[in-house]
Student: 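Please see the structure below; I have some questions.
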Amino acid sequence: MSRVAFGFAACLALLTSTIAITPLRADETTDAREQERQQRLEYMTRQARGYELSLAGQQDRSLTLEERPVLRYSNPVRNFFTDGVVFLWRHDSKPAVLGALSVRGDGNVFCEFASLTSVPLTCDLGLRRTWTPKKESEINVPLNVRLPKVTAPRRQTLAMRQLIRRFMVSMHEVDDPDQKQQLRLLTNPLVQWSDPSDGSLIMCFGFAETNDPEALVLLRHTPNPEGKADSWTYTLSRMTSRPLVFELDGKVIHEVKAYWQNPQSDTDSYLERRLGEYPTDGS
């Protein structure tokens, strides 16, 4: 074989081997990333299982954790390679607390919790101090609704998807209050819950910068069996430390200031804390 032919054959063999190996390496990389993603989910689920949330003064009345997250998010804008999940704790049949756990790009683990109920709670999250939220404002606020009487569950759901569009939320930057952006409504509600005791439907919607909820609007519809007007209410909650402005029908109805620039209390209905660093082995 001539040197030219030999060289051509060698190049062809090298090109063939590269084509054959490259997809395998890509698959291996994908598998490794998916395995790491699953390990992070298992880690954050274990953390959530270890929290003890109960009614204040009634440690035997624990809240129930829904172990399947209501949302998995990444928030590529604020933190590169963030991996986060949102869990729901409920009291009886009602949503009570939403908690977000996230492993951020720098390896730090953070938590954010928002109370959705007026019932005082005692929450042991493994922090130095116990979180005892008492939500006393922007909860179960009457909502003026001009709709025909709604009874069928499907019509309840459609009505709520229409009503939530009356709300708008904007988020401001802490260092530049004039810089703000309107948050987008997430396509699907984070929570949808039927209360068999009175036939009410509860839907909790998230407003986000990307895919990480920064604000929550919870709608509740309770039919009146006696033919009177149905009851419609809303509850507002923050899920970010940045300032927020809530609007209804174009009018400001609620504002929250920068979380870390104001005194915090153990009774605040929102909590954000750094939990530590994510273990490299995911344990």
Side-chain angles (χ1 to χ4, degrees), residues 41 44-45 48 53 62-75 84-101 112-119 121 133 135 138-145 147-169 183-225 229-240 244 246 248 254 269-270:
L41 175 60
M44 290 183 284
T45 302
L53 284 67
S62 297
L63 304 187
T64 303
L65 167 67
E66 299 293 325
E67 291 200 8
R68 181 177 179 178
V70 300
L71 182 69
R72 188 87 184 262
Y73 65 86
S74 58
N75 196 343
V85 291
V86 179
F87 291 101
L88 168 69
W89 283 261
R90 59 184 176 85
H91 168 224
D92 295 334
S93 61
K94 303 175 182 62
V97 173
L98 279 179
L101 295 172
E112 293 180 275
F113 282 83
S115 174
L116 304 174
T117 177
S118 59
V119 178
L121 304 173
K135 189 168 179 59
E138 306 309 316
I139 185 164
N140 297 327
V141 180
L143 178 61
N144 184 23
V145 176
L147 288 174
K149 193 170 182 62
V150 179
T151 55
R154 183 173 180 274
R155 291 187 62 191
Q156 281 182 313
T157 300
L158 291 175
M160 285 195 172
R161 287 187 175 274
Q162 293 176 352
L163 292 173
I164 192 60
R165 300 194 177 277
R166 293 170 55 185
F167 292 84
M168 291 176 55
V169 185
L183 301 179
R184 71 179 184 91
L185 173 66
L186 294 177
T187 304
N188 296 314
L190 299 173
V191 178
Q192 180 171 328
W193 207 270
S194 297
D195 189 343
S197 65
D198 57 9
S200 63
L201 175 67
I202 302 168
M203 294 177 70
C204 183
F205 296 88
F207 289 78
E209 179 182 31
T210 55
N211 52 17
D212 174 9
E214 314 284 1
L216 307 172
V217 177
L218 185 148
L219 299 180
R220 183 185 182 108
H221 169 244
T222 305
N224 191 319
D230 293 350
S231 170
W232 294 87
T233 64
Y234 67 82
T235 295
L236 308 179
S237 294
R238 71 188 304 171
M239 278 293 280
T240 180
L244 296 174
F246 293 81
L248 172 60
H254 185 52
S269 60
Y270 168 81

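Atom set for the values below is all heavy atoms of this structure, side chains included, hydrogens, waters and symmetry mates excluded.
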Student: Report yes if the side chains of Arg165 and Leu185 come closer than 4.5 Å at any heavy-atom pair, otherwise no.
Tutor: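 A side-chain contact exists here, since the closest heavy-atom pair is under 4.5 Å.
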Student: Rounded to the nearest 0.5 Å, what's the gap from CE on Met160 to CG on Leu163? Could you check?
Tutor: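 Those atoms lie 7.5 Å apart.
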Student: Restricting to non-hydrogen atoms, name the atom on Pro213 and the atom on Leu216 that form the minimum distance, rounded to 0.1 Å.
Tutor: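 Closest pair (atom of Pro213, atom of Leu216, distance): CB-CD2, 4.4 Å.
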Student: Can you list the residues that meet the side-chain hydrogen bond (donor to acceptor under 3.5 Å, both in side chains) rule with Gln162, with sequence neighbours excluded?
Tutor: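 If we apply the side-chain hydrogen bond (donor to acceptor under 3.5 Å, both in side chains) test to Gln162, skipping adjacent residues, there are no hits.
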Student: Do Asp195 and Arg220 touch side chain to side chain, with heavy atoms closer than 4.5 Å?
Tutor: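 When only atoms from C-beta onward are counted, Arg220 and Asp195 do touch, with a gap below 4.5 Å.
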Student: For Ser269, check side chain to side chain contact (heavy atoms under 4.5 Å, CB included) against everything at least two apart and list the hits.
Tutor: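 Partners of Ser269 by the side chain to side chain contact (heavy atoms under 4.5 Å, CB included) criterion, ordered by chain and then number, come out as Ser115, Lys135.
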Student: Could you list the residues that satisfy side chain to side chain contact (heavy atoms under 4.5 Å, CB included) with Asn140, not counting sequence neighbours?
Tutor: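 With sequence neighbours excluded, Asn140 shows a side chain to side chain contact (heavy atoms under 4.5 Å, CB included) to Thr233, Thr235, given in chain and number order.
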Student: Would Ser231 and Asn224 count as a side-chain hydrogen bond (donor to acceptor under 3.5 Å, both in side chains) if you check the C-alpha gap in whole Å, the side-chain angles of each, and the deciding distance to 0.1 Å?
Tutor: CA-CA 7 Å; Ser231 170; Asn224 191 319; over 6 Å; no
Student: May I ask you to test the Glu209-Leu183 pair for a side-chain heavy-atom distance under 4.5 Å?
Tutor: yes
Student: Would Leu121 and Leu53 count as a side-chain contact (heavy atoms from CB on, under 4.5 Å) here? Give the steps.
Tutor: CA-CA 7 Å; Leu121 304 173; Leu53 284 67; 5.8 Å; no
Student: Tell me, please, which residues at least two apart from Arg166 pass salt bridge (charged side-chain N to carboxylate O under 4.0 Å, His left out).
Tutor: Asp249
Student: Nearest heavy-atom pair of Arg238 and Ala114: which atoms, and what distance?
Tutor: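 Of all heavy-atom pairs spanning Arg238 and Ala114, the closest is O-CB, 3.5 Å.
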Student: Can you find a pair of side-chain heavy atoms, one from Pro223 and one from Asp230, that are under 4.5 Å apart?
Tutor: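 The answer is yes, as the side chains (C-beta and beyond) meet within the 4.5 Å cut-off.
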Student: CG/Leu63 to CG/Leu88 distance, rounded to the nearest 0.5 angstrom?
Tutor: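 If we round to the nearest 0.5 Å, Leu63:CG and Leu88:CG are 9.5 Å apart.
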Student: What residues, two or more places apart in sequence or in another chain, satisfy side chain to side chain contact (heavy atoms under 4.5 Å, CB included) together with Asn188?
Tutor: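 Side chain to side chain contact (heavy atoms under 4.5 Å, CB included) check on Asn188 returns Arg161.
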Student: Give the minimum heavy-atom separation between Trp232 and Ala159, together with the two atoms involved.
Tutor: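 Of all heavy-atom pairs spanning Trp232 and Ala159, the closest is CH2-CB, 3.9 Å.
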Student: Under 4.5 Å between any side-chain heavy atoms of Leu116 and Ser237, yes or no?
Tutor: yes
Student: Is the closest side-chain heavy-atom distance between Lys94 and Trp193 below 4.5 Å?
Tutor: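 No, too far: nothing below the 4.5 Å cut-off.
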Student: How long is the gap from NE2 on His221 to CE on Met203, to the nearest 0.5 Å?
Tutor: 12.5 Å
Student: For the ring pair Phe167 and Phe205, is the centre-to-centre distance below 6.0 Å?
Tutor: no
Student: Evaluate the side-chain proximity of Arg184 to Leu186: yes if any heavy-atom separation is below 4.5 Å, no if none is.
Tutor: yes
Student: Quick check: do Ile164 and Val217 have side-chain heavy atoms less than 4.5 Å from each other?
Tutor: yes
Student: For Tyr73 versus Val85, what's the shortest heavy-atom pair and its separation?
Tutor: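 So the two residues come closest at CE2-N, 3.7 Å.
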Student: Starting from the C-alpha separation in whole Å, work towards a yes-or-no answer on side-chain contact (heavy atoms from CB on, under 4.5 Å) for Leu248 and Leu143.
Tutor: CA-CA 10 Å; Leu248 172 60; Leu143 178 61; 3.9 Å; yes
Student: Nearest 0.5 Å please: distance from the OH atom of Tyr270 over to the CG atom of Leu98.
Tutor: 12.5 Å
Student: For the residue pair Gln156 and Gly199, what are the closest heavy atoms and their distance?
Tutor: NE2-O, 3.7 Å
Student: Looking at every non-hydrogen atom in both residues, tell me the closest pair between Leu101 and Ala48 and how far apart they are.
Tutor: CD1-N, 4.1 Å
Student: Roughly how far, to the nearest 0.5 Å, is the OG1 atom of Thr222 from the CG atom of Asp198?
Tutor: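 If I round to the nearest 0.5 Å, the distance is 5.0 Å.
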Student: What do the steps show when you test Val97 against His91 for side-chain contact (heavy atoms from CB on, under 4.5 Å), and what is the final call?
Tutor: CA-CA 9 Å; Val97 173; His91 168 224; over 6 Å; no
Student: Calculate, to the nearest 0.5 Å, the distance between atoms CG and CZ belonging to Leu65 and Arg90 respectively.
Tutor: 10.0 Å
Student: Would you please name every residue forming a side-chain hydrogen bond (donor to acceptor under 3.5 Å, both in side chains) with Thr187, sequence neighbours left out?
Tutor: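 Partners of Thr187 under the side-chain hydrogen bond (donor to acceptor under 3.5 Å, both in side chains) test: none.
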Student: Would you check, one step at a time, whether the test side-chain contact (heavy atoms from CB on, under 4.5 Å) holds for Tyr234 with Glu138?
Tutor: CA-CA 8 Å; Tyr234 67 82; Glu138 306 309 316; 4.3 Å; yes
